[in-house]
Peer 1: 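My questions all concern the structure below.
We count ligands from 1, going down the list as the structure has it; atoms in each ligand are counted the same way. Positions are given from 1, in the same order as the sequence printed here.
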Amino acid sequence: MSQTLVADAASTPGSIGLFDSGLGGLTVLRELKLSFPWESFTYLGDTARTPYGAKGAETVIRYSKECARFLSGCEIKLLVVACNTASSLALSHLAEECSFPVIGTVDPAVRTALGVSRNEKIGVIGTNATVKSGAYETALKRINPQVMVVSKPCPLFVPVVEEGMFDGTSAEKGIVKSLVEFYLSPLKESGVDTLVLGCTHYPLLLSAIAEYMGPEVNIVECSKAIAEDVRKLLPVSSSSGRNPQSRFFVTDEAARFSQLANIFLGSSQVQAVKVQMVD
Ligand code: DGL
C-alpha cells in the first residue's frame with residue numbers, strides 16, 4: 001500500500017521547497033535565505049527516518065519521493081534536495097516525477113571543488129550511502145578525468161549533529177575533535193588540497209574539520225553554488241510575495257528540532273509542525 005505524507009497545516013504556495021533527513025538541510029536553507037530574502041521557504045526534515053546515509057538505495061529513493069510528494073502538496077515552485085544522500089541516489093527519479101525544477105547538491109559542490117583545487121587531489125566525505133554511490137567521484141571525473149578522488153564515509157557525524165553537538169560544551173567539542181581526527185587522518189595524509197563536505201550536516205562541524213585539515217586545505221560545501229543555480233532558475237518576477245515566510249515540517253518530535261534549528265539559524269523563527277504518514 002502506498003503511503004503519503006500529509007501536512008496538518010496550510011501550504012505556502014510558490015515557496016522554495018527543501019528536504020533533508022533532519023537538521024543538515026538548514027545549512028542550505030540559511031544560505032538561500034541570505035541570497036533570496038524575499039522568497040518563502042518550505043522545509044521538510046524527515047527526522048523519523050534519519051539517518052538516510054545508513055539505508056540502502058531503494059529505501060533512500062522511496063523516502064526521497066515521499067518527501068518530494070509532500071512538498072509538491074505544499075505547492076512549491078522549486079525543489080532543492082538539501083541532502084547529499086538523496087541527491088546522490090534519487091535526483092534523477094525526482095526530476096522525472098516532479099513538475100517543478102529540482103536542484104541537488106552534488107553538481108554545485110563538484111563545480112566549486114574543481115574551481116579551487118590546485119593539485120587535482122580532492123577529498124570527499126559523506127555518508128556511507130553517498131560514498132558507496134560513487135556520485136561525487138563520477139561527477140568530478142566527468143568534468144576532469146585527471147582528478148584524484150579520495151573518499152571517506154564519516155557515519156558518526158550525522159548523529160553527532162542531530163544530538164546538537166555542533167554548538168556544544170567543551171566536553172562535546174572534545175568528542176567532535178576525536179571523531180574528526182579518527183575519520184579525517186587518512187585524508188590529511190593523502191595530500192588532498194580540497195575537501196568536499198558531501199553531506200549537508202557536516203558544515204555544522206566546520207570549525208573542527210577546518211582546524212584539523214589546516215589552512216592549506218580548501219573546505220568546500222554546496223550551499224553557495226546551490227544559490228547560484230537557484231538564481232538561474234528563478235525569474236526575477238517570481239518572488240513569493242512581500243511577506244516571505246518559512247514553514248518547517250518534521251516527521252518526528254517537533255520541539256527538539258525547533259530548538260536546535262533556532263540555535264543553528266540564530267533565531268526564534270522555527271516552530272516546526274509534525275506531519276504524519278498516512279495510508
Ligand atoms: N544531510 C544528509 C546528507 O547530506 C543526510 C544525512 C543522513 O541522514 O545520513 O547526506
Side-chain angles (χ1 to χ4, degrees), residues 17-32 43-68 71 79-91 93-94 102-110 112-113 123-139 151-166 176 179 183 195-206 209 219-226 229 248-253 256-257 260-261 264-265 272:
L18 300 93
F19 80 85
D20 180 46
S21 64
L23 291 163
L26 296 176
T27 59
V28 179
L29 177 70
R30 183 171 66 175
E31 184 61 41
L32 294 183
Y43 186 94
L44 173 63
D46 192 6
T47 46
R49 306 190 288 192
T50 191
Y52 279 15
K55 312 285 191 303
E58 243 177 65
T59 306
V60 173
I61 292 167
R62 177 162 54 85
Y63 289 177
S64 302
K65 283 182 175 180
E66 288 170 358
C67 289
L71 289 166
L79 174 62
V80 176
V81 180
C83 171
N84 283 271
T85 309
S87 296
S88 298
L89 294 166
L91 195 69
H93 299 267
L94 300 181
V102 181
I103 294 176
T105 53
V106 178
D107 286 346
V110 160
T112 310
V124 177
I125 56 174
T127 65
N128 276 320
T130 298
V131 170
K132 192 171 162 209
S133 76
Y136 269 99
E137 187 153 4
T138 305
S151 303
K152 173 90 183 153
C154 306
L156 288 176
F157 283 176
V158 168
V160 159
V161 167
E162 290 292 325
E163 266 309 303
M165 285 202 189
F166 51 88
V176 172
L179 275 180
Y183 283 132
L195 177 66
V196 178
L197 306 187
C199 171
T200 52
H201 280 71
Y202 298 177
L204 285 138
L205 305 176
L206 178 64
I209 293 171
I219 309 291
V220 167
E221 51 104 13
C222 57
S223 303
K224 286 205 165 61
I226 287 180
D229 288 358
F248 296 86
F249 298 100
V250 287
T251 52
D252 197 9
E253 273 294 289
R256 178 77 177 145
F257 177 90
L260 293 175
F264 172 64
L265 294 172

Peer 1: Side-chain contact test, heavy atoms from C-beta onward, threshold under 4.5 Å: evaluate it for Leu71 versus Phe249 and give yes or no.
Peer 2: no

Peer 1: Which residues pass the ring pair (Phe, Tyr, Trp, His ring centres under 6.0 Å) test with Tyr183, sequence neighbours left out?
Peer 2: Phe157

Peer 1: Might you list the protein residues in contact with ligand 1, defined as having a heavy atom under 4.0 Å from one of its atoms, sorted by chain and number?
Peer 2: Asp20, Ser21, Thr50, Pro51, Tyr52, Gly53, Cys83, Asn84, Thr85, Thr127, Val158, Cys199, Thr200, His201

Peer 1: Looking at residues at least two apart in the chain, or sitting in another chain, which of them share a salt bridge (Lys or Arg N to Asp or Glu O under 4.0 Å) with Glu31?
Peer 2: Lys224

Peer 1: Taking only residues two or more places apart in sequence or in another chain, which ones pass salt bridge (Lys or Arg N to Asp or Glu O under 4.0 Å) with Lys65?
Peer 2: Glu97

Peer 1: Indicate the ring-plane relationship of Phe264 and Phe166, choosing parallel, tilted or perpendicular according to the 30° and 60° boundaries.
Peer 2: perpendicular

Peer 1: Check for a donor-acceptor pair, side chain of Thr50 on one end and backbone N or O of Asp46 on the other, with a separation under 3.5 Å.
Peer 2: no

